[in-house]
Every structure is written in C-alpha cells, then in structure tokens.
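To start, the structure under review is shown below, and the notes come after it.
Remember, it's a predicted structure, so these values are computed and weren't measured experimentally. Whatever order the structure lists them in is the order used to number ligands and atoms, beginning at 1. Residues take their numbers from the sequence shown, with the count starting at 1.
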Amino acid sequence: MRFLTAGESHGPELTVIIEGVPSQLPLTEEDINLHLHRRQKGYGRGRRMQIETDRVRITAGVRHGKTTGAPIALHVENKDWKHWEKIMGAQPLTEEEESEVKRKITRPRPGHADLTGAIKYRHRDMRNVLERSSARETTVRVAAGAVAQKILKEFGIDICGHVLEIGVIRSEGTAFSSIAELKARTEASEVRCFDPEVSEKMKLAIDEAKENGDSIGGIVEVVATGVPVGLGSHVHYDRKLDARIAQGVMSINAFKGVEIGIGFEAARLLGSQVHDEIIYSEEAGFSRKTNRLGGFEGGMTNGMPVVVRGAMKPIPTLYKPLQSVDIETKEVFSASIERSDSCAVPAAAVVCEAAVAWELASAFLEKFGSDTMEDIRQHVENYHEKVRRF
Ligand code: EPS
C-alpha cells in the first residue's frame, strides 16, 4: 500500500489518496470518523480544535460500503477555511492585491520549519512553509491509518496508542491485561493515559505549562497484538519492518525519538538481561518468555506484541516569547503567537497508532497478497497452520 497526502492547515481541505487496499474490505465514513474524533480530543488542545469537527468524505474506491480495489480518495474539510479564503486562495493576485495580503509571515518561529523551509524554497512569505509543515496534516494520516486498522482488525490484529509520559510525569509500566482493557482505560482519560491517578497529575502539568505561556511534550506508546510471525524481513535494510515503523513514527510532527520495546534502555543492560528466552508448547507453538525486544527480531515480527514508543518535543509555538530574527528587517524580535495547543501528546498517541497500523498493514499485505480479502484470508489461514506445526 502507499498513500500521498495534500493540503494546507488553513486551505479548503486535506486529502489523502490510498493505493493498494484489497477489494471487498467493508469500509464506511464512520469507520474513519471515529479515529478523526479521537485525534481531535485531548487535554491541552487550543482553540482551533473548537472550530474544526473533522469528518471524512470518501469520493473514490469504495462502493456500497466495500472497497473495490481502486485507489481510495479521502477528504477532510477545514472549517477554518472561511476565514482564510482571501489569504490562502489558489487564484493569482494582482500587484495591488499582493500588497494587501494579510498575515504575511516574515518572523520565523524557533523550532518550526519556517526559516529553513523559506530559505530552501526561497519564500519571502513563510506562510508558504508553515501551512504545510503544520500538524494539521496528521488528520489525513489518521484517516489512512483508520483504513489500515480496518484491514488489521479483519485478521485479529488489534492496536492501541496511549500516553506514557507528559513532561516529567510518567505512568509506571503497562499494567493492563488485554488491549481491549487498555483501549477502554485510555479512551476514558482526557490525556489518553491508562492510569487515572497519573492522568490527573498530567493534566496539572499541562495546566502549569499553559499558565506559564509554555508548551509540554511527552512519550507515547503503541501496542499491537495478534501480529503474525514474519512480517518484514531480515534480508534487506529497507524491508526491515522495525526500521519502516521508525520512519513512520519519526515523521510525525514534533517527534524526536523512536524506540522499539525497551529501546535505548537495552544499551544500558547486559545481553542476558535484554534478550527474550524462547519457549515452546504444542498448542501455542514457539513463543518468548518476555517481550523486551517489542515483538521484533531481525527486522521481522516474532509473534509477540509489537511495542513502539515515540518521544514528542513540546510544541514550538509558544505564548512565551523566544528570540528570533525578522527575515526582511533582520531585526531581532521576540516570537510569540495568537493561538496554540499547549500539549498535543494525547492527539499524537492517535497519530502514532495510525503510523504503526499503516506500516503493519502494508507489511501484512506484502506477505499475504493484496487483491481481494477472500484470497488473503485463505493465505493467512494456511500460514497460521504452518506456523503452528513448525
Ligand atoms: C498547528 C497549529 C495550530 C494547531 C494545529 C497545528 O493550528 P492553528 O495555527 O490553526 O491555530 O491547532 O493542529 C491542528 C489544526 C490539528 O488539526 O491538529 C501547527 O502549527 O502545527
């Protein structure tokens, strides 16, 4: 599967075209809206989220509730567009109109793509950069992830993104017995954290950052269960699925680090403390005693739950001013803004879930075929049987 997104934060809409989805997959707009809604929630979001009510429109690739095998086109309207039509329109402007364009940006915000993107693409109005670098784009990545999740669900693969840390507040360990429980507990939390006590502390940390005109980051984790042995491959660097997942997660706006399983902690431990011992039983076949490697060995899934973590830096759009330099006047100024999210970590957990779901579903279809659900199902059943009897 592959997808391409297009759209600006304050343009008319965001679009994603997905290619390679098998035919006969049940898919409705509601399946996608569910995840768009989850992404919009979360303690610490700013006023923009009160303007938008993200709803998808399917315009291609689905007929009477089922995919046809053709490219799927999904669109999400920006409600804010009505305030931006003159500023963001595609029509050429007259010279007079050009001088009147409002909200021209010549003052780069530290930590954003503004300055580097403007130098690279030679824009004097940095709006041409920030409109596309905005995390608004993650809306349609979540839409693509929702389609991936529909495929995974058909084959018993369940996935959940949740928040482990916000600032220095952290939840200890992942104390849940099933992914259904993890989902229920995180959905009930305003910060998408499964521990209610820690959730309250996280909210206080967000409040404190907000009161100080600051922003706050955190760490999210995605867990996927029911993943078969052997997705990805050890034979070539670009087929290693953990590496592909790392790219998917690292490309989420504001993400600065990715871990698989215990990740960086593995570097501080000895080999005997890291590697998961192999066990065997007749009914379950081969398994591992522990899952410190997060479901991956040799770039392939090993049948254990997939565990991926991502670190999100605090959003760089701050009320608290940071020093910068105007690109026209070259004068030093203090960058500050009109509206922002003080924390988007809970939303980022949903985006991270979508990114991991996408990579898992893509690798799944590479292994089992991608034309029609029925053929894939037969192939999967056959494979499961062979794995059991290995
Ligand atoms: C964002 C800035 C804010 C966020 C936005 C991402 O938007 P605005 O500039 O319109 O206030 O709300 O996030 C979303 C719109 C979203 O859907 O997540 C940025 O600069 O990245």
Surrounding CD of E265 (heavy atoms of other residues, nucleotides or ligands, distance under 6.0 Å), is the total greater than 12?
yes
Side chain proximity check, I32 to L74, heavy atoms < 4.5 angstrom
yes
Only heavy atoms count here, so choose which of E131, E137, Q40, R39 is nearest to atom 17 (O) of ligand 1.
R39
Salt-bridge test for D195 and R185: reply yes if a basic N is under 4.0 Å from a carboxylate O, no otherwise.
no
Verify whether one side chain among T15 and E13 offers a donor that lies under 3.5 Å from an acceptor in the other.
yes
Between R48 and ligand 1, is there a nitrogen or oxygen pair with a distance under 3.5 Å?
yes
What is the closest protein heavy atom to atom 2 (C) of ligand 1, and at what distance does it sit?
S134 OG, 4.5 Å
of all protein heavy atoms, closest to atom 11 (O) of ligand 1 is R339 NE, 2.5 Å
S133 versus ligand 1: do any nitrogen or oxygen atoms come within less than 3.5 Å of each other?
no
Judged by modelled atom types alone, do T372 and Q24 share a side-chain donor-acceptor pair under 3.5 Å?
no
Hey, are R388 and E385 close enough for a salt bridge, meaning a charged N less than 4.0 Å from a carboxylate O?
yes
Just to check, does R45 reach to within less than 4.0 Å of ligand 1 when the distance is taken from its heavy atoms?
yes
Establish, yes or no, whether the cationic atom of R103 lies under 6.0 Å from the six-membered ring centre of W84 and within 45° of the ring axis.
yes
If we only consider heavy atoms of D341, is any one of them less than 4.0 Å away from an atom in ligand 1?
yes
Any idea which protein heavy atom is nearest atom 15 (C) of ligand 1, and the distance to it?
R136 CD, 3.2 Å
Output yes when the distance from some N or O of ligand 1 to some N or O of A135 is under 3.5 Å, and no in every other case.
yes
With backbone taken as N, CA, C and O and side chain as the heavy atoms from C-beta onward, which portion of M49 lies under 4.0 Å from ligand 1: side chain, backbone, both, or neither?
side chain
Between the side chains of E52 and R136, is the shortest nitrogen-to-carboxylate-oxygen separation below 4.0 Å, so that they form an ion pair?
yes
With a cutoff of 4.0 Å, is H10 in contact with ligand 1, counting heavy atoms of the residue only?
yes
